[in-house]
Amino acid sequence: MVIAVCLGAACLLGLGYVAQQHAAYNLPLGEMLHPRLLLDLARAPLWLMGIGLMVCGQLLGAFALWQASVAKVQPILATSLLFALTAAHVVYKEHFALMEWLGAVLVSGGVTLFLFFGEPHGGHPPPHNSLRWLVVLLVLVVAAVLVFAGRRCALATKAMLLAAAAGVLYGLQDVLTRSTVISLGNGPGAALMTWQPYLLPCVAVVGLLLNQSAFDAAPLRISLPATTAAEPIVAIVLGVAIFAEKLQVTPTALAAEVIGLIAMVTGIIILGRSPFLAKSEQEAAQRPEEPE
């Protein structure tokens, strides 16, 4: 059941990303990293539809995180790019090329390999004042460094770095979500006595701004893969570091887990470079670029 819920969440997330990028890519470049980008997008029906799809996907993902470990849920959610590719394929009426099939096989095979050999299981949020949570500060620093580094880069590089920063925060968001939904099992009052539910919306909003800024800067083939690759990796690492989730650690299992993750990330990159996801690049090639 958890796998079916995760696939449903991945489908909704992928469709939501396509709708959001179509709306964000037509806005002036000067709105990147500025809160007014979200305000302007909020007036676009297509973007609101994309946000609605994404929220529904995240709710399904939250339910999956309540039922299973982060390390088990996140690799399946990473297949959202497959659904984004399929949606773009339907919209643009084009056939899959060999590289798209290769990317699909790598993503699906990588996820299957990781889950089959890794057998992620166990884990539970530590107390809200545990020193394990200090790793959250490291994640926030990494995201800030990526944003700072991207500010002076070329547009395509900036988009990838902003997307990677968004993925880092989304990975943290997944861990905070799991902690929050488990705390709610003890009653709303118990959850409100911890700090995780208060940090969660802040991380979500900043991650959303970074993601939409990346969508504003470059086509989906450039702006989405970094997010899709960074989120599961960060979430899995945090799941192990904070929740003490366990993976199989035999030499064979470790080798298969590493190969699976490499295959998954490689497949995401290949799919992200699909021309199906770049059609809006021609449509918006003449967009005005506002000074920052």
Side-chain angles (χ1 to χ4, degrees), residues 1-10 13 58 60-80 106-140 142-143 167-186 190-191 194-197 199-200 203 228-268:
M1 179 179 176
V2 171
I3 293 178
V5 171
C6 289
L7 287 174
L13 289 171
Q58 289 177 335
L60 284 179
F63 176 77
L65 288 168
W66 180 43
Q67 298 290 323
S69 66
V70 174
K72 184 174 183 178
V73 170
Q74 266 307 316
I76 302 176
L77 293 183
T79 61
S80 60
L106 286 173
V107 172
S108 302
V111 170
T112 302
L113 193 66
F114 181 88
L115 291 177
F116 182 79
F117 283 94
E119 299 180 15
H121 62 281
H124 193 277
H128 67 276
N129 58 353
S130 171
L131 293 179
R132 291 185 187 177
W133 287 106
L134 288 177
V135 72
V136 170
L137 297 177
L138 178 60
V139 172
L140 295 176
V142 170
V168 168
L169 292 184
Y170 285 161
L172 174 58
Q173 177 183 327
D174 294 328
V175 171
L176 293 174
T177 298
R178 176 163 167 76
S179 175
T180 300
V181 296
I182 290 177
S183 297
L184 286 173
N186 299 321
T194 63
W195 55 268
Q196 287 85 353
L199 181 61
L200 177 59
V203 170
T228 315
E231 181 178 357
I233 292 174
V234 170
I236 290 170
V237 170
L238 290 179
V240 172
I242 296 176
F243 296 164
E245 294 179 355
K246 296 178 176 59
L247 300 171
Q248 294 297 321
V249 293
T250 64
T252 301
L254 285 175
E257 290 162 23
V258 171
I259 293 172
L261 286 175
I262 292 174
M264 181 177 67
V265 173
T266 302
I268 288 169

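Note that this is a predicted model, so its numbers are computed, not measured. When a residue number appears, it is its place in the shown sequence, counting from 1.
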Is there a side-chain contact between [X] and [Y] (heavy atoms, below 4.5 Å)?
{"X": "I262", "Y": "V258", "result": "yes"}
{"X": "V265", "Y": "L106", "result": "no"}
{"X": "L261", "Y": "I236", "result": "yes"}

For the pair S183 (side chain) and S179 (backbone), establish whether a donor and an acceptor sit closer than 3.5 Å, ignoring hydrogens and angles.
->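 A pair under 3.5 Å: yes.
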Would one find more than 12 heavy atoms of other residues, nucleotides or ligands at under 6.0 Å from atom CG of L137?
-> yes
Greater than 12 external heavy atoms within 6.0 Å of I3's CD1 | no
Passing candidate, side chain to side chain contact (heavy atoms under 4.5 Å, CB included) with L238, options V136, I233, L176, L172 |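 Going through V136, I233, L176, L172 one by one, the side chain to side chain contact (heavy atoms under 4.5 Å, CB included) with L238 is satisfied by L172 alone.
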Roughly how far apart are [X] [atom1] and [Y] [atom2], rounded to 0.5 Å?
{"X": "Q173", "Y": "L199", "atom1": "CD", "atom2": "CG", "result": "10.0 Å"}
{"X": "T180", "Y": "L184", "atom1": "OG1", "atom2": "CG", "result": "6.5 Å"}
{"X": "T177", "Y": "L200", "atom1": "OG1", "atom2": "CG", "result": "4.5 Å"}
{"X": "L13", "Y": "Y170", "atom1": "CG", "atom2": "OH", "result": "9.5 Å"}

If I compare all heavy atoms of [X] with all of [Y], which pair ends up nearest, and what's the gap?
{"X": "T228", "Y": "A78", "value": "CG2-O, 3.3 Å"}
{"X": "C6", "Y": "V73", "value": "SG-CG1, 3.7 Å"}
{"X": "G239", "Y": "V175", "value": "N-CG2, 4.3 Å"}
{"X": "A64", "Y": "V5", "value": "CB-CG1, 4.2 Å"}
{"X": "P232", "Y": "M264", "value": "CG-CE, 4.2 Å"}
{"X": "W133", "Y": "P127", "value": "NE1-O, 3.1 Å"}

Not counting sequence neighbours, which residues clear side chain to side chain contact (heavy atoms under 4.5 Å, CB included) with T194? List them please.
-> H128, Q196, P197
Mind checking side chain to side chain contact (heavy atoms under 4.5 Å, CB included) for A235 and listing every partner two or more places apart, or none if nothing turns up?
-> V70, Q74, D174
